[in-house]
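A quick write-up on the structure given underneath.
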Protein chains: 2
Amino acid sequence: MIKRNLKKQLIIQAAIEVFSKNNFQHSTISQIAQKANVAEGTIYQYFKNKEDLFFSIPVEKTKEFCRELELHLQGITGAFGKIRKFIWYYLYFFKMNPEYGRTLMLEMRVNKSFAKTKAYSSFKDLTDRILEIIKEGQEEGIIRKDVDIFITRHLILGILEHVLTRWLLKGEQYDLLERCDEVNKLIIHGIGLTTDPNGLK
Amino acid sequence: MIKRNLKKQLIIQAAIEVFSKNNFQHSTISQIAQKANVAEGTIYQYFKNKEDLFFSIPVEKTKEFCRELELHLQGITGAFGKIRKFIWYYLYFFKMNPEYGRTLMLEMRVNKSFAKTKAYSSFKDLTDRILEIIKEGQEEGIIRKDVDIFITRHLILGILEHVLTRWLLKGEQYDLLERCDEVNKLIIHGIGLTTDPNGLK
DNA sequence: ATTATAAATGAATAAAATTCAATATTGCTT
DNA sequence: AAGCAATATTGAATTTTATTCATTTATAAT
């Protein structure tokens, strides 16, 4: 049924707006129902409860992130360039979607139930993608092989998440993309990459 | 009045236990009141509301962290050794205080009101301390000067927080201190440190 | 047009946070 | 030690929200 899915999207859209303005705790079902122009009971026709509605938000958004990322990575050869692009795209995406970033980073990612959601699977696809790039870099000989690839992934995601989280907590006062170059420098040194093809500083 | 403060501590202790077992959302004032052996109304004599009680928890704990850290840093000269020790102590502290880690990392740090709490001031002391160490390292010539010190701090805190958060979300299945060496390697390379006094890889 | 099925409603219920008037305790003064 | 004022404690009443459910309304099929 086409109309059913449409109304579901309508409710999710209202939920995005309400949840990102206030937080989970301070958002009410009645606010969301009002914004979506439906009765409170209707929401429970589409979602098991408030939490279920909450976790339905990132599913589409994360898929979008991954889809667009692949597009941006197209045509770039070499792990070095791919990592640069990944860092840029990550910061760019959240610069463009701060409300979603707020909800994802400050509330969902940090919730134990998140690991059980569909959005998490997409998120996992993303982290798997980084792993591939790291392996590629190791084969090319531009990423050190003496460090565990999972730890290297921690490095990359750790810095990015930290930079993003600070930005969100500070109220998005500066341009997130300003951080691009410095994050790059740090990560590239951290994983033993170098712009010099000889591989020495 | 001594007894007033004692009862406040009693309520906080009960709150730590309840909040770390369930989360903020699923912890009730009546559970906390029961565990503290007071009436529900009493809690509101000491705390403005549930959130205020929640944010009172990390104040003492963060002070403890900073106090102990200074002790561990005593006698260590050189930014290199201090950073190693800092990484070790950070992981050690949360290995020993996983319930508190869970509450702090997964719920508080990520809450906008956190920046307004007293605990945040202590937390800020901690990040200021890292900044000092970084400056010291730059003067010693073992930390690169071409990267902003605040970004370097992002690197260190970013990796540590990321490693800690994953560990907590995975249910503390492995020994957090296992990550020590690899985190060290990454950070030390990332900030341009080297064990070789010549400063070359 | 009639009927069956699905969707939507909002008043009723339930559960939890918060308030408050009444009660008990403590500490001070003589 | 008794009386009094100030403080602390209580738990029942109130308020706020999530969730349920019996009823109504819309949709689709024959």
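Sequence lines set the chain letters: A, B, ... in the order given, protein chains first and strands last, and positions in each chain run from 1.
Computed from coordinates, the B:Leu53 CG to C:dT18 P distance equals 10 Å when rounded to whole Å. Between A:Ile29 atom CD1 and D:dA18 atom P there is a gap of 6 Å when expressed in whole angstrom units.
Within residues 16-28 of chain B, the residues that have a heavy atom under 4.0 Å from DNA chain C are, in order of number, B:Ser27, B:Thr28. Near DNA chain C, meaning a heavy atom under 4.0 Å away, there are no residues from residues 30-38 of chain B.
Partners of A:Ile76 under the side-chain contact (heavy atoms from CB on, under 4.5 Å) rule, at least two apart in sequence or in another chain, are A:Lys82, A:Lys85. Take B:Gln31 and apply the side chain to side chain donor-acceptor pair (under 3.5 Å) test, not counting sequence neighbours, and it matches B:Thr28. Looking at residues two or more places apart in sequence or on another chain, you find no side chain to side chain donor-acceptor pair (under 3.5 Å) involving A:Lys185. Considering only residues two or more places apart in sequence or on other chains, B:Lys145 meets the side-chain contact (heavy atoms from CB on, under 4.5 Å) condition with B:Gln138. Remark: A:Glu182 pairs with no residue by the side chain to side chain donor-acceptor pair (under 3.5 Å) rule, at least two apart or across chains. For A:Gln173, there are no side chain to side chain donor-acceptor pair (under 3.5 Å) partners two or more places apart in sequence or in a different chain.
Note on A:Tyr44: a side-chain N or O is less than 4.0 Å away from OP1 or OP2 of D:dT19. At D:dT9, one or more side-chain N or O atoms of B:Lys7 fall inside 4.0 Å of OP1 or OP2 (strictly under the cut-off). Between C:dA16 and B:Lys50, no contact under 4.0 Å exists linking OP1 or OP2 to a side-chain N or O.
For the side-chain hydrogen bond (donor to acceptor under 3.5 Å, both in side chains) condition, no pair includes a residue of residues 38-56 of chain A, sequence neighbours left out. Annotation: salt bridge (charged side-chain N to carboxylate O under 4.0 Å, His left out) contacts involving residues 154-166 of chain A, sequence neighbours excluded, comprise A:Arg109-A:Glu161, A:Glu161-B:Arg166, A:Arg166-B:Glu161. Legend: side-chain hydrogen bond (donor to acceptor under 3.5 Å, both in side chains) pairs involving residues 15-27 of chain A, not counting sequence neighbours, sorted by first then second residue: A:Asn23-A:His26.
Geometric assessment of A:Arg129 against the ring of A:Phe86 yields a negative cation-pi assignment under the 6.0 Å and 45° thresholds.
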Find every protein N or O atom lying less than 3.5 Å from an N or O atom of nucleotides 21-25 of chain C, and list the pairs.
none

